[in-house]
Amino acid sequence: MIPNSKINHSNFSQLCLKARSHTQKSVVKLPMPLYTYIVTYRGDTYITQDKKSNFKGFVSSWTSEIPPGVLTSLTPNLLKELQKLAYSSDFTPISGRTNVWRKTILLNDDQFVVIAVQTET
């Protein structure tokens, strides 16, 4: 440690670089788990997977990446509405199951259901 009276711009910069280097070396990146999402709407089903830090961080995949025609009742206007509503409610754990959550969104008077399953850790 350098006494306060001896800190100048040059050695302050060196201290910052050392601290930054130490911090960067100590960061451990953990692998992200794989999640499977099962989406149902008006009798149609879409299934997708991705690795995310948590199951809530996948909204874009099950809203904007749904291939056209897979959910036949999901019109472009309903898709826009879904993208607005997708963040409005929370996932809830499914009772009696491990790493499985459900989210229900009321879309045009019908339930749009998303089941999230942590498939691997």
Side-chain angles (χ1 to χ4, degrees):
M1 182 80 154
I2 300 172
N4 288 341
S5 61
K6 295 191 177 192
I7 293 178
N8 59 37
H9 179 70
S10 175
N11 56 19
F12 179 75
S13 295
Q14 289 174 349
L15 286 172
C16 289
L17 286 174
K18 284 182 184 178
R20 182 174 169 200
S21 173
H22 175 71
T23 303
Q24 288 175 344
K25 289 178 185 174
S26 64
V27 173
V28 176
K29 292 187 177 181
L30 298 174
M32 289 192 255
L34 177 69
Y35 291 97
T36 300
Y37 291 83
I38 304 157
V39 177
T40 61
Y41 183 64
R42 293 186 178 169
D44 292 324
T45 303
Y46 171 63
I47 301 172
T48 188
Q49 293 182 310
D50 203 357
K51 291 189 176 208
K52 298 289 182 184
S53 60
N54 65 67
F55 64 92
K56 296 177 184 179
F58 203 29
V59 172
S60 64
S61 293
W62 54 261
T63 57
S64 63
E65 296 176 14
I66 298 171
V70 171
L71 303 176
T72 56
S73 299
L74 191 63
T75 65
N77 286 339
L78 286 177
L79 180 58
K80 286 179 186 177
E81 184 67 22
L82 173 64
Q83 290 168 341
K84 292 176 192 172
L85 297 171
Y87 294 94
S88 64
S89 63
D90 289 329
F91 280 92
T92 56
I94 294 181
S95 178
R97 300 292 176 249
T98 303
N99 297 329
V100 182
W101 302 266
R102 176 188 173 110
K103 178 179 197 144
T104 303
I105 301 167
L106 192 60
L107 185 64
N108 201 33
D109 296 325
D110 284 302
Q111 290 187 351
F112 185 97
V113 178
V114 182
I115 305 290
V117 181
Q118 185 175 339
T119 309
E120 68 179 28
T121 55

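Rounded to the nearest 0.5 Å, atoms CD (Gln49) and OG1 (Thr36) are 3.5 Å apart. Put simply, OG on Ser73 and CG on Asn108 are 9.5 Å apart, with the number rounded to the nearest 0.5 Å. Taking CG from Leu74 and OH from Tyr46, the interatomic distance works out to 11.5 Å, rounded to the nearest 0.5 Å.
The number of heavy atoms from other shown groups lying within 6.0 Å of CD (Gln111) does not exceed 12. Counting non-hydrogen atoms of neighbouring residues, nucleotides and ligands closer than 6.0 angstrom, the CZ atom of Arg97 reaches no more than 12 such neighbours.
Looking at Phe112 and Leu71, their side chains come closer than 4.5 Å, going by heavy atoms from C-beta outward. Annotation: side chain of Leu82 is not in contact with side chain of Tyr41 (no heavy-atom distance under 4.5 Å). Between Val70 and Asp44, every side-chain heavy-atom pair lies at or beyond the 4.5 Å cut-off. With contacts defined as side-chain heavy-atom distances shorter than 4.5 Å, the pair Ile94/Ile115 qualifies. Between Val114 and Phe91 there is a side-chain heavy-atom pair separated by less than 4.5 Å.
The minimum heavy-atom distance linking Leu106 with Leu85 is given by the pair O-CD1, 3.7 Å. Nearest heavy atom pair, residue Pro33 against residue Glu120, reads CB-O, 3.1 Å. Closest of all the heavy-atom pairs between Ala116 and Tyr37 is CB-CE2, 3.5 Å. Contact record, Thr119 with Tyr35: OG1-C, 3.9 Å, taken as the closest heavy-atom pair.
One N or O on the side chain of Lys103 and one on the backbone of Ala86 form a donor-acceptor pair closer than 3.5 Å.
Cluster membership for Val113 and Val117, using ILVMFWY side-chain heavy atoms within less than 4.5 angstrom, is shared. Grouping the Ile, Leu, Val, Met, Phe, Trp and Tyr side chains by contacts below 4.5 angstrom, directly or via other members, places Ile66 with Ile105.
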